[in-house]
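Just so it is clear, the structure is predicted and the values come from calculations on it, not from any experiment.
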Amino acid sequence: MNDDDGPITILLVDDHALVREGLREILQMQPDMRVVGEAEDSATTVALAEAERPDVILLDIEIPGDVVTTTVNQIKKCSPASQVIILSMYEGPQLVQALLATGICGYLLKSIHWEELVVAIRAVRSDGDRIVLGVSRESLSYVQQGPPPGTLSARELEVLDLVAQALSNGQVASRLQLTEATVKRHLRNIFVKLGAVSRLDAVNKAKVRQGQQLATTLGTPGQGRPGNGR
């Protein structure tokens, strides 16, 4: 992290090289901004966040590796002062809510004008408590009212994502740095919320119930991650 008198240091994260190149050219034209790194997957993102401690991380909603909520949580552990702005081609009220719970400071659609992005970066740098949302009224209303009863939390989504990859409770605990007892507790809560009777039943019901949110975060056992939908 730099002091307020220095340039805003930025980490660019997107698995499309052309997108990163375009963003880099735009941001490096700004006299108060400096791109300090680029990443195309979650592991590299976390490593660079820890090494560079950038002021702002522009994070694509779906990159290879961990689900976005897990990636944000890992960033917050290794570089807590970094402000994370999510960039996405689409929006989903529940997904926005889950990401806000992880501590992101912005959620912007890739359809915005570059000047809006620049303004957002400066805004979150100057005020660490500010949240910038470029979403529809529906999503904003959902965020303001809070999720309806039975909605899975960000942590529950992370657990269910790993369960959907056929990981055991012990493996899930290791991946999320939790105890196995905590994982079992999350699973019990998930089963209750979804009315599920098994792990596979929970995954399937979550996909139907959560819709857009889980379409971007949950795979199915043996099938890997879903398409990026961009």
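Contact check for Tyr107 versus Leu109: side-chain heavy atoms found under the 4.5 Å cut-off. Proximity of Leu178 to His186: side-chain heavy atoms (C-beta onward) are separated by under 4.5 Å at one or more points. Put simply, the side chain of Ile63 reaches to within 4.5 Å of the side chain of Thr45, judged on heavy atoms. Within the 4.5 Å cutoff, no side-chain heavy atoms of Val46 are placed close to those of Lys77. Using a 4.5 Å heavy-atom threshold, the side chains of Val19 and Asp60 count as separate. The shortest side-chain heavy-atom distance between Glu25 and Trp114 does not fall under the 4.5 Å cut-off. Taking the side chain as every heavy atom from C-beta outward, Thr102 and Ile75 never approach each other to under 4.5 Å. Between Ile121 and Leu117 there is a side-chain heavy-atom pair separated by less than 4.5 Å.
Here the OG1 atom belonging to Thr44 is positioned 11.5 Å from the CG atom belonging to Asp15, to the nearest 0.5 angstrom. With rounding to the nearest 0.5 Å, the separation of NZ in Lys205 from OG in Ser198 is 8.5 Å. Separating the CG atom in Leu59 from the CG atom in Leu87 is a distance of 8.0 Å, to the nearest 0.5 Å. Rounded to the nearest 0.5 Å, atoms CD1 (Ile131) and CD1 (Ile85) are 11.5 Å apart. In this structure, CG in Leu162 is found 10.5 Å from OG in Ser168, a value given to the nearest 0.5 Å. In this structure, OG1 on Thr182 lies 12.5 Å from CD on Gln177, to the nearest 0.5 angstrom.
Judged purely by atom type and a 3.5 angstrom limit, Arg20 uses its side chain to pair as donor or acceptor with the backbone of Asp14. Between the Gln83 side chain and the Cys105 main chain, no donor and acceptor come within less than 3.5 Å of each other. For the pair Ser126 (side chain) and Arg122 (backbone), a donor-acceptor distance under 3.5 Å is present. Of the possible donor and acceptor atoms, one in the side chain of Thr9 sits under 3.5 Å from a partner among the backbone N and O of Asp55. In this structure, Arg130 contributes its side chain and Arg125 its backbone to no donor-acceptor pair below 3.5 Å.
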Could you walk me through whether Met33 and Ile10 pass the side chain to side chain contact (heavy atoms under 4.5 Å, CB included) check? CA-CA 7 Å; Met33 297 183 184; Ile10 302 168; 4.0 Å; yes

Evaluate the criterion side chain to side chain contact (heavy atoms under 4.5 Å, CB included) for residue pair Leu27 and Leu12; output intermediate values, then yes/no. CA-CA 10 Å; Leu27 298 177; Leu12 302 178; 3.6 Å; yes

Evaluate side chain to side chain contact (heavy atoms under 4.5 Å, CB included) for Val67 paired with Leu157, printing each intermediate quantity in order. CA-CA 9 Å; Val67 297; Leu157 286 171; over 6 Å; no

Given Leu108 and Glu116, is the side chain to side chain contact (heavy atoms under 4.5 Å, CB included) satisfied, shown in steps? CA-CA 9 Å; Leu108 302 173; Glu116 296 176 84; over 6 Å; no

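Few gaps surround CD on Glu115; more than 12 heavy atoms of other groups in view lie less than 6.0 Å from it. Counting non-hydrogen atoms of neighbouring residues, nucleotides and ligands closer than 6.0 angstrom, the NZ atom of Lys76 exceeds 12 such neighbours. Heavy-atom neighbours of Arg24 CZ from other residues, nucleotides or ligands within 6.0 Å: above the threshold of 12.
Residues Val124 and Val119 do not share a hydrophobic cluster, clusters being chains of Ile/Leu/Val/Met/Phe/Trp/Tyr side chains in contact below 4.5 Å. Using a 4.5 Å cut-off between side-chain heavy atoms of Ile, Leu, Val, Met, Phe, Trp and Tyr, with links allowed through other members, Leu167 and Leu160 fall into the same hydrophobic cluster. Under a hydrophobic-cluster definition in which Ile, Leu, Val, Met, Phe, Trp and Tyr are linked whenever side-chain heavy atoms come within less than 4.5 Å, directly or via other members, Val118 and Val132 are assigned to the same cluster.
Pairing each heavy atom of Pro54 with each of Ala49, the nearest pair is CD-O, 3.7 Å. Of all heavy-atom pairs between Gly65 and Ser42, the closest is CA-OG, 3.3 Å. Closest heavy-atom contact between Ala202 and Leu194: O-CD1, 3.4 Å.
With Arg155 as the fixed residue, the side chain to side chain contact (heavy atoms under 4.5 Å, CB included) test singles out one of Thr70, Leu176, Thr69: Leu176.
Listed by first then second residue, pairs satisfying salt bridge (Lys or Arg N to Asp or Glu O under 4.0 Å) with a partner in residues 167-183 read Asp66-Arg175, not counting sequence neighbours.
Remark: Asp41 engages no residue in a salt bridge (Lys or Arg N to Asp or Glu O under 4.0 Å) (not counting sequence neighbours).
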